[in-house]
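Written out below as structure tokens is the structure these notes cover.
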There are 2 protein chains.
Amino acid sequence: MLNYTTSEENYIKAIYHLQKVDGMVTTNELAAELQSKPASITDMMKKLKAKKLLNYQPYQGFRLTADGTKVALGIIRRHRLWEFFLAEKLKFTWDEVHEVAEDLEHVSNKKLIDKLDEYLGFPRVDPHGDPIPDANGKIEISKKICITELPVNTISTVASVSDHSSEILELLEHKKIAIGTKVEVKKKFEFDNSMEIKINRQPAITISEQLAKNIFVNYGS
Amino acid sequence: MLNYTTSEENYIKAIYHLQKVDGMVTTNELAAELQSKPASITDMMKKLKAKKLLNYQPYQGFRLTADGTKVALGIIRRHRLWEFFLAEKLKFTWDEVHEVAEDLEHVSNKKLIDKLDEYLGFPRVDPHGDPIPDANGKIEISKKICITELPVNTISTVASVSDHSSEILELLEHKKIAIGTKVEVKKKFEFDNSMEIKINRQPAITISEQLAKNIFVNYGS
DNA sequence: AAATAAATTTAGGCAAATCTAAATTTATTT
DNA sequence: AAATAAATTTAGATTTGCCTAAATTTATTT
């Protein structure tokens, strides 16, 4: 595997994340994501196309090739392993790990990362609940689990709600819980199986067992 | 503390190491150390002088200011803590850690490094026996110990020889042992207190108790 | 003390990564 | 289907870090 500059890696990673939403990524989208200017994007797109990491025709948007996706998954693997290390071993809180991992992810020594993976016990998800690609770039497809199964202090997003009655929707609306909303379980009470959860990083609220049983979240998004 | 580029950090670090030998560092010395050209050195020296990290008068060589030394010790702290981490936690061998640490040392997040230090139990020397500066940049002065006290598999350098007779000099010359030579103890034999040591990473040789007792090495150089 | 050699600096150039402003292409309106 | 707006690309600069080649300064010889 060749080496890429920090700048190239940041572009590749951003394209990978944007691709998941639309199929095609546009110049302006990417400029907004990277907080840079459209002209800079065009420059780099030419370079990445020349390196065969990108399919790109002027004015038509772009997406990663198979090679480009492999590179992206390598960067994401490094990022998420470091996030896990920071949270698990150095006791960083979940909201502090991303920024530090943004720097560490660019140290691309395969042996380092594979040994780190082993040392951490081959974790499957990072502290935000996102899946960690393995040494071959294989990434687990997002699994849905009931929020009652979500480990305490893991961030996830609401994937679906099994009951579709107007009664549950009213309640969800009132509690500001929607598909895609970020949730974090803070406490589970054995007495009545109620739980305290945070919605979009707001102060914790309580939900009943009946409600919790109907909420499914991504475990590995 | 301000941030410096990877390139600036590599210059600062190299000057710090060269300074220990002479007092003043020259352009050619530094170019050789960094495998670059004298003209590049001059360019960077102007930049580091403007940042007040360096005392530099054209044609007169240079040395770090107090500020520059502080920066250097920060880099060396990061480098050696990562080396310790790689050897201790990820089970890298001593000869593999340097290269990887060369990259990791440039991630300069204070909280990361201080938490890493704590996680590792505040180690005082790296796997080569070099001292690790603390969070305030304080570095232990090199202690001399007899090679008989040096732990097995720790790299050190010869600091002095207590006997100055022509007989011992002949023997040292023959075994290629000199001041500054790198040594590593591989085995100690209780029967006659002889030991097997490696000199400059060459195949192990045997030295007698009488010789060993006269060789002093840096422990934390 | 001149002459020569060695070390160092200056001058000018190049590639990467960014930017602004102008030109071009594509999309949207009337 | 023109006209206008939006998105994108091109052209030309700038900064950083590096280089080569020429000029300059310092050190060493004869």
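Atom set for the values below is all heavy atoms of this structure, side chains included, hydrogens, waters and symmetry mates excluded. Reminder, nothing fancy here: chain letters follow the sequence lines and each chain counts from 1.
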(request) Please state how far atom NZ in A/Lys37 lies from atom C1' in C/dA22, giving the value in whole angstrom units. (result) 16 Å
(request) Would you check if there is a donor-acceptor pair between the side chains of A/His79 and A/Asp126 at a distance under 3.5 Å? (result) no
(request) Examine the side chains of A/Thr65 and A/Asn55 and answer whether a donor and an acceptor come within less than 3.5 Å of each other. (result) no
(request) Check each of A/Glu33, A/Glu102, A/His106 against A/Asn10 using the side chain to side chain donor-acceptor pair (under 3.5 Å) test, and report the only one that passes. (result) A/His106
(request) Check the side chains of A/Thr6 and A/Glu9 for a donor-acceptor pair under 3.5 angstrom, ignoring hydrogens and angles. (result) no
(request) Taking Watson-Crick and G-U wobble pairs with both distances under 3.5 Å, convert DNA chain D into its dot-bracket string, 5' to 3', dots for unpaired and | for cross-strand pairs. (result) ||||||||||||||||||||||||||||||
(request) Assign the ring pair B/Trp82 / A/Trp82 to parallel, tilted or perpendicular, where the plane angle (0 to 90°) is split at 30° and 60°. (result) perpendicular
(request) Tell me, please, whether A/Phe84 has A/Lys89 positioned over its six-membered ring: NZ or CZ under 6.0 Å from the ring centre and within 45 degrees of its axis? (result) no
(message) So, applying side chain to side chain donor-acceptor pair (under 3.5 Å) with A/Arg77, which one of A/Asp134, A/Asn136, A/Asp117 is it?
(response) A/Asp117
(message) Tell me whether A/Lys115 forms a cation-pi arrangement with B/Phe92, defined as NZ or CZ under 6.0 Å from the six-membered ring centre and within 45 degrees of its axis.
(response) yes
(message) So if I define the base as every atom that isn't primed, P, OP1 or OP2, how would nucleotides 6-12 of chain D read as a B/S/- string at a heavy-atom cutoff under 4.0 Å?
(response) -SBBB--
(message) Looking only at the side chains, is there a donor atom on one of A/Asn200 and A/Thr181 sitting less than 3.5 Å from an acceptor on the other?
(response) no
(request) For DNA chain D, find the residues of residues 4-11 of chain B with a heavy-atom distance under 4.0 Å and give them by number; none if there aren't any. (result) B/Thr5, B/Ser7, B/Tyr11
(request) Report yes if a side-chain nitrogen or oxygen of B/Ser36 is closer than 4.0 Å to either non-bridging phosphate oxygen (OP1 or OP2) of D/dC18; otherwise report no. (result) no
(message) Assess, by modelled atom type and distance only, whether the side chains of B/Asn153 and B/Lys186 contain a donor and an acceptor separated by less than 3.5 Å.
(response) yes
